[in-house]
Amino acid sequence: MNSAHKGVTVAATDNFYITTPIYYVNSKPHMGHAYTTILCDAIKRYYQFSGRDTFFLTGTDEHGDKIQKSAEANKIDVQKMVDQNSEHFKNLLPIIESTNDDFIRTTDERHKKVVQELLQKVYDKGDIYFAEYEGKYCYGCERFLGNDELIEGKCPDHKTEPDAIKEANYFFKMSKYWDDLKKHIDDNPDFIVPDNFKKEVLGLLRQDPQDLCISRPKSRLQWGIELPFDQNFVTYVWFDALINYVSGLDYPDSEKYKKFWPNAHHVIAKDILKPHCVYWPTMLLSIGIPLPKQVAIHGYWLIDESKMSKSVGKTVDPIEYSEKYGADLFRYFLLRNMRFGRDASFTQEEFISTINAELANNLGNLYSRLAGMCRKNNERKIPAASEVGEMENALKDKALSLKNKMEEAIQNWKPDQYIEGVIDLANHINKYLDETKPWALAKEEGQKEE
Ligand code: MSP
């Protein structure tokens with residue numbers, strides 16, 4: 001059996017592998033990071049409850065200029081800093097009730113080993129060369145930005161001017177795989193969702209094919225994985241980090257890898273579109289590993305119109321919210337209030353009003369009415385269905401049609417619409433109760449018996 005919908009096609013028997021980005025450890029996690037993890041967790045639980053074998057991976061990205069600079073600025077040993085901050089990300093997981101199956105760190109030996117093995121493969125294939133390069137580097141993004149990506153000379157995400165860097169480095173012949181990648185995107189309409197991001201990637205691929213600088217000289221950066229073919233260089237942090245998606249499955253010989261790759265669904269926000277939709281697939285094409293099934297891209301959580309981020313100085317603490325209101329309420333709000341692919345604003349007022357209107361008044365009220373009636377009139381048990389008339393049949397039809405709509409929504413990365421189905425059904429049941437007043441009926445029957 002296949003469930004084919006407009007956006008995603010997942011065979012009902014496929015194993016399901018889902019990943020978050022691995023987060024930088026130059027600071028503590030904020031609500032934006034918690035959101036991607038919660039979204040992955042909700043989708044994983046859906047597929048798990050539908051009977052699939054699932055694997056959910058998250059973790060931390062610990063090498064690179066940004067991390068080394070942050071440790072220097074805080075006058076702390078870099079290993080000590082990454083250990084402490086990785087722990088913050090790990091500790092958040094039970095607080096937001098994440099059911100991830102593993103947590104990978106790029107400083108893990110198991111990861112470093114795979115990065116070196118894959119670099120050597122690409123090198124042996126002749127897809128890596130040495131050359132001098134000059135470009136504008138954004139340390140926040142950890143990548144060279146083209147002039148067309150800058151707004152008034154600044155990185156649009158980090159609002160900083162990139163540094164001019166000129167040095168000799170190793171390059172990956174990404175350009176060689178440009179056309180194969182375009183073909184893959186054309187042949188697999190669900191590879192990048194939603195559609196507007198697919199168009200953005202195809203736009204990038206219409207530009208002149210580029211190669212990717214994949215090393216940093218140790219004279220400038222020591223905090224990275226040494227290149228297996230030149231010990232004077234460390235690996236560029238994105239080439240290192242993206243490999244977590246296979247090293248986290250213990251590539252290449254493990255049962256886990258064989259079971260879950262390439263049924264991979266990478267969930268990211270739009271800030272890291274290019275590394276995931278251009279660097280990663282071309283790396284895999286060179287190595288000869290099949291491409292993941294899908295990259296699913298969500299928008300930004302905003303505060304006061306700008307992206308919630310440490311570098312812009314505006315964040316919400318997911319621990320504070322989960323502990324104050326409970327993880328369920330925090331998760332509910334995040335899943336409910338972001339439409340897939342769009343940005344969403346976070347305000348305390350919106351948080352409270354969503355929770356009050358939908359969870360307390362609607363669902364909470366329904367639950368307390370039903371539980372109250374069972375407690376009072378039926379020895380705390382749910383009664384068997386009695387007469388089924390027109391109204392009951394209408395309610396049943398509503399529930400069944402909503403079920404189909406909700407399944408389609410969640411399979412297309414729209415948990416907000418899935419939740420809308422639950423709320424819609426609760427509204428209908430509340431209305432049914434208002435009209436049929438079963439508590440009055442129970443009272444009448446009680447009186448008859450007396
Ligand atoms: N280390 C890289 C990812 C490497 S993956 C191989 C990185 N790390 S990050 O710490 O900057 O995390 C970026 C991701 O965190 C986003 O893609 C998104 O998943 C999440 N978010 C961070 N801020 C966010 C918002 N304000 N809104 C929504 N998601 C946010 O990039």
Side-chain angles (χ1 to χ4, degrees), residues 18-41 43 57-67 70 82 85-86 88-89 92 96 98 103-107 111 114-115 118 138-143 155-158 197 224-225 235-248 264-281 283-284 292 295-318 333-335 337-346 413:
I18 190 162
T19 65
T20 71
I22 47 170
Y23 304 112
Y24 287 130
V25 284
N26 55 328
S27 60
K28 289 184 183 171
H30 60 68
M31 196 192 94
H33 305 115
Y35 172 71
T36 314
T37 307
I38 289 170
L39 174 62
C40 287
D41 187 62
I43 303 284
L57 182 71
T58 186
T60 44
D61 186 355
E62 307 190 6
H63 292 125
D65 287 287
K66 180 160 158 160
I67 306 296
S70 170
V82 298
N85 283 348
S86 176
H88 290 309
F89 280 89
L92 172 66
I96 57 173
S98 164
F103 186 92
I104 185 142
R105 301 180 56 185
T106 53
T107 49
H111 172 75
V114 179
V115 171
L118 295 183
C138 170
Y139 288 103
C141 296
E142 285 282 22
R143 64 184 185 89
C155 163
D157 276 342
H158 297 95
F197 292 114
I225 301 176
T235 312
Y236 168 47
V237 65
W238 272 106
F239 202 98
D240 159 356
L242 288 160
I243 289 174
N244 93 87
Y245 298 132
V246 291
S247 67
H265 300 258
H266 301 314
V267 183
I268 58 167
K270 58 186 175 181
D271 50 347
I272 50 178
L273 184 70
K274 191 171 179 183
H276 281 81
C277 298
V278 182
Y279 303 173
W280 180 226
M283 284 162 64
L284 292 169
V295 185
I297 300 120
H298 63 74
Y300 292 150
W301 280 99
L302 310 174
I303 298 190
D304 302 335
E305 314 278 304
S306 49
K307 181 189 177 200
M308 187 184 297
S309 88
K310 173 82 191 319
S311 47
V312 178
K314 288 176 181 168
T315 58
V316 169
D317 180 1
F333 175 80
L334 295 185
L335 295 171
N337 278 39
M338 179 175 269
R339 286 186 64 190
F340 186 52
R342 305 273 184 88
D343 293 344
S345 287
F346 182 89
W413 304 95

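Computed from a predicted model, the values in this text were never measured in an experiment. All ligand and atom numbering here is 1-based and tracks the order in the structure.
Side chains of W280 and P292 form a contact here, defined as non-hydrogen atoms less than 4.5 Å apart. Contact check for F89 versus T58: no side-chain heavy atoms found under the 4.5 Å cut-off.
Remark: K66 does not engage E142 in a salt bridge, criterion side-chain N to carboxylate O under 4.0 Å.
Here the protein heavy atom with the shortest distance to atom 31 (O) of ligand 1 is I272 CG2, 3.5 Å. In this structure, the protein non-hydrogen atom closest to atom 24 (C) of ligand 1 is G32 CA, 3.5 Å. Protein heavy atom in closest approach to atom 29 (N) of ligand 1: H298 CE1, 3.3 Å. Scanning all protein heavy atoms for the shortest distance to atom 3 (C) of ligand 1 gives I22 O, 3.2 Å. Looking at atom 15 (O) of ligand 1, its nearest protein heavy atom turns out to be H33 CD2, 3.4 Å. In this structure, atom 27 (N) of ligand 1 lies nearest to the protein heavy atom W301 N, 2.9 Å. The protein heavy atom nearest to atom 10 (O) of ligand 1 is Y24 N, 3.0 Å.
K270 does not count as a contact of ligand 1, since none of its heavy atoms falls under 4.0 Å from the ligand. Within the 4.0 Å heavy-atom cutoff, W238 counts among the residues contacting ligand 1. Residue contact annotation: H276 has a non-hydrogen atom under 4.0 Å from ligand 1. At least one heavy atom of Y300 sits under 4.0 Å from some atom of ligand 1. For M31, the heavy-atom gap to ligand 1 stays at 4.0 angstrom or more.
Residue M308 has at least one nitrogen or oxygen atom sitting less than 3.5 Å from a nitrogen or oxygen atom of ligand 1, judged on distance alone.
The minimum heavy-atom distance linking T60 with S86 is given by the pair OG1-OG, 3.0 Å. Minimum interatomic distance between S306 and K314 (heavy atoms only, all atoms of both residues): OG-NZ, 3.7 Å.
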Could you check D317 against K28 for side chain to side chain contact (heavy atoms under 4.5 Å, CB included), going step by step and ending with a plain yes or no?
CA-CA 9 Å; D317 180 1; K28 289 184 183 171; over 6 Å; no

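The distance from ligand 1 to the heavy atoms of G299 drops below 4.0 Å at these ligand atoms: 28 (C). Listed by number with element, the atoms of ligand 1 under 4.0 Å from a non-hydrogen atom of T36 are 18 (C), 19 (O), 20 (C). Residue D61 has at least one heavy-atom neighbour below 4.0 Å for each of these atoms of ligand 1: 1 (N), 2 (C), 4 (C).
Among I268, D271, V237, T106, the residue whose heavy atom lies nearest to atom 17 (O) of ligand 1 is D271.
At a cut-off of 3.5 Å, with distance as the only test, a side-chain donor of Y300 or D157 sits close to an acceptor on the other residue. Side-chain N/O atoms of Y23 and H88 include no donor and acceptor closer than 3.5 Å.
Heavy atoms of H30 found under 4.0 angstrom from ligand 1 belong exclusively to the side chain. The part of N244 lying near ligand 1 is the side chain, judged by heavy-atom distances below 4.0 Å. At a 4.0 Å heavy-atom cut-off, ligand 1 touches Y245 through the side chain alone.
Residue-environment remark: NZ (K270) exceeds the threshold of 12 foreign heavy atoms within 6.0 Å.
Using cut-offs of 30° and 60° on the angle between ring planes, the pair W301 and F333 is tilted. Between F340 and W413, the ring planes lie parallel to each other; the angle is under 30°, not in the 30° to 60° tilted range.
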